[in-house]
Amino acid sequence: MSATPERPERRVNYLNAAYGVRSWLLTTDHKRIALLYLIGVTFFFALGGIAAALIRVELLTPAGDVFQAETYNKLFTTHGVMMVFFFMIPGIPGVLGNFLIPLMIGAKDVAFPRLNLLSWYLYIIGALMAFWAVVHGGVDTGWTFYTPYSTVYSNGWVVVTAVGIFIAGFSSILTGLNFLVTIHTMRAPGMTWMRMPLFCWGMYATGIIQILGTPVIAITLLLVAAERLFHLGIFDPAQGGDPVLFQHLFWFYSHPAVYIMILPAMAVISELVTAFSRKPIFGYKFIAASSVAIAVLSFLVWGHHMFVSGQSVYAGIVFSILSFMVAIPSAIKVFNWTATLYKGSVSYQTPLLYALGFIGLFTFGGLTGLMLATLGLDIHVHDTYFIVAHFHYIMVGGTIMAYLGGLHFWWPKISGRIYPEYWSRVSAWVIFVGFNLTFFPQFIVGYLGMPRRYHQYPEEFQVLNVMSTAGASILGIGYVIPLVYFIWSMRYGAYAADNPWGATGLEWETPSPPPTENFPETPTVSGRPYDYLTARDREAAIG
Amino acid sequence: MADVRAHAADSREDDAHPPELRHHFANLPAQREASTLAMWMFLVTEVLFFGGMFTAYVVYRSTYRRAFEGASNLLDLTLGTVNTAVLICSSLTMALAVWASGAGKKKATILFLIGTILLGGVFLGIKAVEYTQKFQHHEVPGPHFVVPLDERTHQPLPRQSEMFFSLYFCMTGLHAAHMIIGVGLLTWLIVKAKNDAFSPRYNTPVDLVGLYWHFVDVIWIFLFPLLYLLGRHTL
Amino acid sequence: MPFLPEEASSFARHVDHLYLFLIAITAFFSVLIGTLVVYFAIRYHRRAPDEVATEVHENAVLEIVWTVIPLGLVLIMFYWGTRVYFRITRPPANAIEIYVTAKQWMWKIQHTDGHREMNELHVPVGMPVRLTMASEDVIHSFYVPAFRFKRDVVPGRFSAAWFEAVKPGKYHLFCAEYCGTRHSNMIGWVYAMTPADYQAWLSGGTPGESLASAGAKRFVEHACNTCHGDQPGARGPSLAGIFGKVIHFSDGSSRIADEAYIRESIVNPQAKLVAGYPPIMPTFQGQISEEGLLQLTAYIKSLSSAPAGTGAAQTGPGLSPGPPTPIPPPSAPERKTQTP
């Protein structure tokens with residue numbers, strides 16, 4: 001552990017280097033941009049969360065007695081659009097990726113700092129366009145925009161929302177591009193690929209998906225907008241178009257997109273597990289290779305969203321076997337994280353609680369994914385709450401828990417303050433319990449046959465829905481608590497040391513918070529990554 | 001507090017700090033390498049971007065072969081061929097501009113950039129003429145579309161010929177939008193060249209815009225045969 | 001079991017067995033990982049602030065083992081899943097044909113003898129039923145959880161799938177593809193009945209005009225008979241007896257004439273040109289409703305006397321035999337249409 005810092009409020013760091021709104025809105029410092037993303041994604045997460053709360057209120061009773069049908073349809077669309085495009089996709093890359101990658105590789109900033117700021121503005125503009133659409137009446141197509149409903153029949157603000165997502169998509173492309181070039185060209189001397197933190201490997205794999213997949217959703221949404229505005233008929237069967245072609249183009253991105261959502265989370269978990277076992281991660285090469293394998297394989301499985309829509313039986317078989325293949329690298333990671341704990345020195349701080357929660361919930365959720373890759377089974381559960389439960393286990397039980405774990409782990413570095421450990425542990429448990437109570441019953445009610453996107457349902461499904469809503473209220477409370485104490489800590493939290501966790505990594509060799517230029521001189525790297533044992537032995541020998 | 005960012009790196013530089021070097025890069029070659037890598041990656045994203053429409057075109061062409069063949073024959077082959085030649089020449093002038101900027105020849109750089117813009121303008125002008133023709137013949141998809149007659153048999157083409165024109169306008173329209181952006185980038189380069197921004201030491205922006213311009217040209221080289229040439233009845 | 005719906009179709013049981021196998025694997029690995037993680041966290045809990053962990057070296061053999069074992073397991077899952085999938089997607093030859101038109105926000109069901117139902121489907125137990133479905137507007141999905149049956153109904157094409165009810169009862173029918181405002185209202189019931197009850201139901205109601213008969217009228221209405229009327233020197237090929245036969249095209253390829261081929265020939269006739277005929281058939285895309293296309297298809301099917309090996313068999317309790325001539329007189333006296 002480092003010594004107690006000098007009076008931290010006297011020292012110049014990236015937070016107090018300049019004051020005023022302009023210094024934030026025109027910043028090119030990756031660390032400030034990360035905080036701008038933090039504010040943005042938190043706001044849109046709250047919006048999506050409110051929509052979710054309202055959905056769960058409606059689903060307390062079998063009758064559609066709280067909202068009109070069209071309003072409910074707009075609620076689940078808003079929830080999906082906000083959460084997927086304006087929270088999950090930009091979240092970990094925008095906040096943790098931006099903040100950490102230059103620090104972890106010993107660079108002063110990302111390769112293109114102005115492009116980085118542009119990425120944030122594109123995100124905000126796109127998100128605000130979608131928000132505008134919500135406020136002015138909303139969209140009721142579902143976040144999946146299936147045609148011809150979205151292009152011909154829907155009465156909502158489809159074009160505005162589609163264009164908003166299109167613009168935010170460019171934010172994602174430019175962020176991925178920035179990270180890829182940064183990792184390729186700006187690693188400090190001595191930091192070979194095999195010495196790079198696994199967080200960077202995960203962000204690199206994410207970048208590959210961002211630049212290859214996002215352009216396809218961009219053109220697809222553009223075509224949807226063009227069809228709606230100019231009555232083109234590219235996806236409208238009445239004019240010879242093919243709605244299934246839309247599905248192919250949509251899922252060609254949207255399946256890899258879910259790996260944009262999970263790879264950064266896995267990247268965080270690799271860091272947390274090793275730091276809180278105080279031991280080199282087990283199977284570094286295999287975890288790194290798995291990240292890249294997942295990125296590549298993710299592009300080959302999109303048809304598993306379409307087993308029931310009329311693609312050929314043989315296409316189904318191909319997509320099924322490939323979907324099973326893409327699960328293997330994820331399993332490899334889970335086994336390696338587990339093995340890292342073995343014979344480690346495990347400390348139960350909050351980031352580790354989130355990491356352990358992730359490992360359990362991601363494993364379970366991922367295995368239910370295998371159920372969906374199974375052709376004979378997917379026919380029955382497709383478009384039911386079983387699917388909803390599966391993806392929430394991965395995205396909420398997985399990604400959001402990893403995001404929170406990462407926020408807690410790096411919060412001292414980001415803010416220079418410590419959050420209250422008691423409340424952070426309480427909220428981790430509240431989230432874990434609330435999450436499982438919300439989503440586990442959905443597996444059951446889904447297999448029993450409750451379709452998704454229904455605001456009224458047969459009575460026999462009520463008990464499970466009530467359980468789910470009860471869980472959702474607990475989960476909501478769990479999310480509010482960290483919001484409160486993180487903000488509280490920025491003013492009243494104890495000052496953080498440079499390396500409060502005793503973790504390895506170049507980011508911990510800078511002050512908390514770091515100065516704007518990150519490192520006074522470019523560091524040189526030698527020795528293996530996660531060098532816990534050798535360094536400690538060396539320290540012990542010196543005495 | 002003064003912004004300390006810019007200065008920490010400077011004191012380590014051996015030469016005078018070149019004005020083009022951004023502070024977070026170690027030196028100009030590193031900056032050039034990173035920028036060039038970024039542009040190539042961006043062009044890959046553009047391949048995927050256009051790729052969605054190429055996919056739709058291939059799928060519908062094979063489903064509605066006769067409609068697409070018939071409609072394709074209604075495109076003006078002469079104008080399309082001229083446009084192809086014009087674009088290839090503009091890639092030549094662009095390549096020459098890159099060479100000139102790297103050789104420190106300011107006048108030649110500006111001349112070649114202007115030449116590229118002019119050729120690009122000719123391309124866009126011809127496209128505007130083609131679009132106007134389509135509009136006049138009611139071949140624009142939408143409520144005013146009239147099913148055109150087959151060139152040879154003078155019978156109405158199948159209704160799905162409208163799909164051909166939808167894709168024609170979307171694909172060439174997106175291409176034209178990229179050309180307009182390219183013309184804007186070229187104008188910006190001329191301004192920078194006038195201000196002596198380029199030298200044998202530093203001509204990365206010209207190089208990268210050149211990559212972009214060549215890419216837009218290559219997209220046309222795929223569009224032209226797919227839209228104009230396949231299944232052509234006569235020259 | 002409270003977490004499984006009734007197993008009311010012939011393949012429901014197979015789907016559930018597959019599910020239970022997958023639950024077992026999920027439970028096994030979740031418990032394994034969960035237990036290991038918790039156990040390691042407790043067993044190796046840090047006891048002193050300067051405690052040092054033990055070096056555990058990389059082990060490529062272990063990595064290979066825990067790659068290969070999951071790989072083997074997923075291959076088993078894949079194989080079993082595909083077998084069940086083949087069972088689900090391969091209709092047997094002697095299925096009863098029922099036609100479904102999906103429309104925002106209702107299911108219009110039509111039996112070949114003319115019985116029409118709205119949001120309800122009566123089927124006999126113990127006989128395979130093949131649904132040929134069309135949508136008049138957006139994508140819908142016909143979902144009967146108790147049968148483990150689901151198939152998207154996509155506009156612009158026919159969608160076909162089959163089931164065989166094994167247990168009499170009343171089962172939920174849901175639309176499972178979001179289709180707009182009243183998606184959650186697009187629900188109904190499937191009634192599986194014993195053969196005797198089904199017979200009673202069939203003869204009890206007053207069926208309307210059979211699909212084939214309605215199709216025959218459309219055939220004339222759209223002047224199809226002017227080219228396909230079997231007159232000498234007709235410009236179009238004869239349609240008598242083509243259903244289920246191999247058709248040869250001008251580019252040398254061939255295909256068995258099924259419902260999808262008939263539909264395509266009407267809306268996109270240039271896609272496949274019958275050998276020996278000029279490519280002059282106009283397209284009827286956008287001019288005939290989906291229901292009309294179903295009727296024409298049923299009519300053309302009826303021009304084939306029950307060919308062996310396809311789903312066109314029209315025999316069965318209470319179903320009228322298809323007329324063999326191109327333009328048949330109505331095969332039954334006009335009766336009041338059954339009101340939905």
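So you know, we letter chains A, B, ... as the sequences are listed, proteins then strands, and number each from 1. Scope of the values below: all heavy atoms of this structure, side chains included, with no hydrogens, waters or symmetry mates.
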>> Hydrogens and angles aside, do A:Tyr153 and A:Asp236 bring a side-chain donor and acceptor to less than 3.5 Å of each other?
In response: no
> Of the options C:Val61, C:Val68, C:Leu62, which is the one that meets C:Ile64 in a side-chain contact (heavy atoms from CB on, under 4.5 Å)?
Replying inline: C:Val68
> Using non-hydrogen atoms only, which part of A:Thr384 is less than 4.5 Å away from chain C: side chain, backbone, both, or neither?
Replying inline: side chain
>> Shorter than 4.5 Å, heavy atoms on both sides: which option in C:Ala146, C:Ala12, C:Pro155, C:Ser135 has the most such pairs with chain A?
In response: C:Pro155
>> Between C:Gly156, C:Pro145, C:Gly81, C:Ser184, who has the most heavy-atom pairs with chain A when the cutoff is under 4.5 Å?
In response: C:Ser184
>> Quick check on the interface: out of C:Ala27, C:Ala161, C:Ser159, C:Ala41, who has the most heavy-atom pairs with chain A under 4.5 Å?
In response: C:Ala41
>> We want to know whether C:Thr101 and C:Glu291 form a side-chain donor-acceptor pair, criterion being a heavy-atom distance below 3.5 angstrom.
In response: no
> So what's closer than 4.5 Å to chain C heavy atoms on A:Met306: side chain, backbone, both or neither?
Replying inline: neither
> Highest number of heavy-atom pairs under 4.5 Å with chain A: which of C:Lys150, C:His172, C:Arg151?
Replying inline: C:Lys150
Going by atom type alone, with no hydrogens or angles, which donor-acceptor pairs under 3.5 Å involve a side-chain atom of residues 173-182 of chain C and a protein atom two or more places apart or on another chain?
residue  : atom : partner  : partner atom : Å
C:Tyr178 : OH   : A:Asn73  : ND2          : 3.3
C:Tyr178 : OH   : A:Asp140 : O            : 2.4

> Listed by residue number, which members of residues 83-91 of chain C have a heavy atom under 4.5 Å from any heavy atom of chain A?
Replying inline: C:Val84, C:Tyr85, C:Phe86, C:Ile88, C:Thr89
> Among C:Val74, C:Val153, C:Leu75, C:Val144, who wins on heavy-atom pairs under 4.5 Å with chain A?
Replying inline: C:Val74
